[in-house]
Amino acid sequence: MNPLLIPLLPLISFAAIIFFGKWLKEKSAWVAVSASALSCLVSFKSIGEVIGGRNFHEAFTWILINRIPIEFGISIDPLAAVMLFVVTFIGTMIVVYSVGYMHGDPRYPRFFAYLSLFLFSMLGLVLSSTLVQIYVFWELVGLCSYFLIGFWFEKKEAAEAGRKAFIANRIGDIGFFLGIITFFYATGTMRFVDIQPEFIQAQAGSAILTVSALLLFCGAVGKSAQFPLHVWLPDAMEGPTPVSALIHAATMVAAGVYMVARLFPLFHACPEASQIVAGIGTWTAFMAAFFALTQMDIKKVLAYSTISQLGYMIAALGVGGMTAGTFHLMTHAFFKALLFLGAGSVIHGAGVQDMREMGGLRKSMPITFWTFVVATAAIAGIPPFSGFWSKDEILLSAIGSDHRIIFWILMITAAMTSFYMFRLLFLTFFGETRGKRAPHESPAVMTVPLIILAIGAAGIGLLGSPWAHHWIQNFLAGHPEEIQMNSFVATISIAASAIGLLIAFIFYILNPDLPKRFAKKYWLLYAASSHKLWMDEMYQATFIRWFKQIARFSFKFDEAVIDRTVNEVGRKTVWTSKIKNWFDQYIVDGLVNLTGRLTQMTGAVLRLIQTGYIHNYLFVLLLGVLIIGYAVFNT
């Protein structure tokens with residue numbers, strides 16, 4: 001099958017639902033499901049060929065710039081194959097889940113049209129063969145996120161969240177666009193097949209190359225919600241829960257990580273840029289985990305968890321662990337999609353998002369509970385679940401590249417991750433039921449995807465374990481890598497996860513009053529975490545306030561100067577046109593009319609002479625001769 005079908009099928013689904021959704025109604029969901037499932041099957045065939053050692057690259061020349069061809073095409077290598085698997089498989093599970101979750105929504109067909117458009121955009125991004133092409137789909141993915149985050153736009157919070165996400169991403173995308181231009185200027189190419197270590201090393205040492213790497217990374221900072229553009233992701237939870245799972249856990253936010261991994265030879269050849277990437281990723285991972293410690297909205301906890309895990313991936317790429325970061329991207333897609341869909345099941349069954357109004361749900365929602373346990377164990381890094389293997393690869397990359405400070409910060413972050421995730425699990429599913437509504441388990445169309453994702457969250461990490469001879473790392477690297485299990489890293493990692501679990505158990509099971517006392521005693525730390533270091537307030541007081549003042553000044557200037565000038569010019573133009581009209585009417589037209597009248601009078605006189613009788617002409621001739629003769633004889 002032609003790989004072009006992979007993105008084309010969701011696009012056909014989008015077009016069909018947009019044009020015929022009024023008549024399809026509930027069936028529009030199954031159009032989207034069918035397109036997504038078929039796209040997944042076609043992608044599996046392509047992935048199988050890549051595993052067999054046959055990469056795919058096909059492109060055509062779009063335009064020529066200084067005789068250099070700019071191509072559009074499809075490229076599938078091991079990195080694209082992993083991302084293709086994540087997007088199509090996870091995306092299909094989420095689309096199926098949405099059939100039940102969005103049932104009864106008045107804009108039901110439109111939601112599935114947007115999902116299909118998003119999948120087309122994301123698949124186009126993954127399969128892109130050049131930087132220009134990836135930028136086109138990059139922007140289309142951003143547009144889809146705006147549609148989906150603000151899907152319930154009648155809610156003020158949702159509308160503002162969509163706008164916030166759009167603006168934050170545009171800020172990063174400006175840098176991304178400039179990075180593409182500077183990279184093309186420095187290297188003369190935009191094709192990913194050209195961006196190989198030997199090609200980039202020949203350009204290494206160039207300042208413009210480092211600048212282009214940092215500018216390109218700006219795109220990842222916006223799309224993957226890294227500091228300081230992370231502020232949009234928590235607010236994006238205002239969208240429907242399947243949106244949170246699809247866009248902000250499994251696929252869209254991973255686009256930035258994928259882009260950095262795709263350009264890994266560039267960052268590897270620019271040590272200064274790599275250090276900045278590693279530093280931002282590490283700080284983002286720690287900062288977001290710190291924020292997640294005190295959040296009470298179940299989706300906000302998972303949002304900050306996503307930011308933290310993305311920071312892990314970015315840090316891995318910064319310290320040189322391309323395979324480790326990509327491996328964690330894949331495992332994270334499974335357990336984070338499972339966590340968000342599990343949270344959606346909880347919200348669907350309990351009717352609330354605040355964990356203080358939950359509790360005791362494990363009895364009434366057993367499938368959701370056990371799948372949530374699997375996802376929590378996976379993200380907390382408890383062996384043998386998937387997160388343990390990929391997280392340890394990142395920690396191993398950090399210590400192996402002698403980034404010991406980064407290693408210990410990420411290790412502390414791992415302990416915090418274990419704590420806030422088991423805190424979420426205990427507050428939601430254990431203790432007494434605190435909600436006003438009787439909870440119930442979700443329908444099969446929602447729980448079956450949870451079970452499938454739980455199997456993946458539990459076992460997908462084994463592909464990168466010593467038991468599988470680190471198959472996924474070798475596949476991504478394109479050659480066998482010497483990876484040895486580091487007992488020190490594994491022991492410390494397990495200890496960090498166990499410490500986080502133990503503290504959460506003490507705080508929320510053994511002594512539920514302890515968190516309140518702790519928050520009161522360490523009120524400043526608690527306030528800093530719960531208010532997210534007041535970064536939103538700081539942005540409001542600085543950049544947003546300044547831009548609003550600039551906007552107000554610009555409006556007043558437009559109103560008082562530009563509009564007044566335009567209106568005055570308009571009035572003067574009207575006055576001038578009136579004078580011109582009078583001059584034209586009475587002077588120009590008057591002279592023309594006078595000339596016409598004189599011509600008419602002359603013609604009338606001449607017409608009296610032109611009688612047509614010969615004797616009249618002879619009389620005039622004789623009269624003329626007599627007058628001439630008289631004049632001659634009298635001179």
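Because the structure is predicted, anything quoted here is derived from the model rather than measured. In this chain, residues are counted from 1 in sequence order.
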I'd like to know if the side chain of [X] reaches the main chain of [Y], judged simply by a donor and an acceptor atom lying under 3.5 Å from each other, with no hydrogens or angles considered.
X	Y	value
Arg107	Phe151	yes
Thr284	Phe227	yes
Glu441	Thr368	yes
Lys300	Gln295	no
Ser529	Phe290	yes

Under 3.5 Å, is there a donor on one side chain and an acceptor on the other for [X] and [Y]?
X	Y	answer
Thr241	Tyr101	yes
Gln309	His328	yes
Ser345	Ser442	yes

Do [X] and [Y] have their ring centres less than 6.0 Å from each other?
X	Y	answer
Phe335	Phe385	no
Phe547	Tyr539	no
Tyr508	Phe422	no
Tyr522	Phe518	yes
Trp546	Phe543	yes

Q) Are Pro234 and Phe291 close enough that some pair of their side-chain heavy atoms sits under 4.5 Å apart? A)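 Answer no - side chains too far apart.
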
Q. Less than 4.5 Å apart, any side-chain heavy atom of Arg545 and any of Gln540?
A.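 Side-chain contact under 4.5 Å: no.
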
With a 3.5 Å cut-off and sequence neighbours excluded, list the donor-acceptor pairs that the side chains of residues 509-517 form with protein atoms.
none

Q | Nearest-0.5 Å distance that lies between atom CD in Gln226 and atom CH2 in Trp283 | A |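 Gln226 CD to Trp283 CH2: 13.0 Å, rounded to 0.5 Å.
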
Q: State the CD1-CD1 distance between Ile367 and Ile451, to the nearest 0.5 angstrom.
A: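 Spacing of CD1 (Ile367) from CD1 (Ile451) equals 5.0 Å.
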
Q: Give a yes or no on whether Lys155 atom NZ has more than 12 heavy-atom contacts from other residues, nucleotides or ligands under 6.0 Å away.
A: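 It does: Lys155 NZ has more than 12 such atoms within range.
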
Q.
My understanding is that only residues two or more places apart in sequence, or in another chain, count here; which of them pass salt bridge (Lys or Arg N to Asp or Glu O under 4.0 Å) with Glu432?
A.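 With neighbours one apart ignored, the set is empty.
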
Q: Evaluate the ring planes of Phe217 and Phe267, with Trp represented by its six-membered ring, and classify them as parallel (under 30°), tilted (30 to 60°) or perpendicular (over 60°).
A: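 Phe217 vs Phe267 ring planes: perpendicular.
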
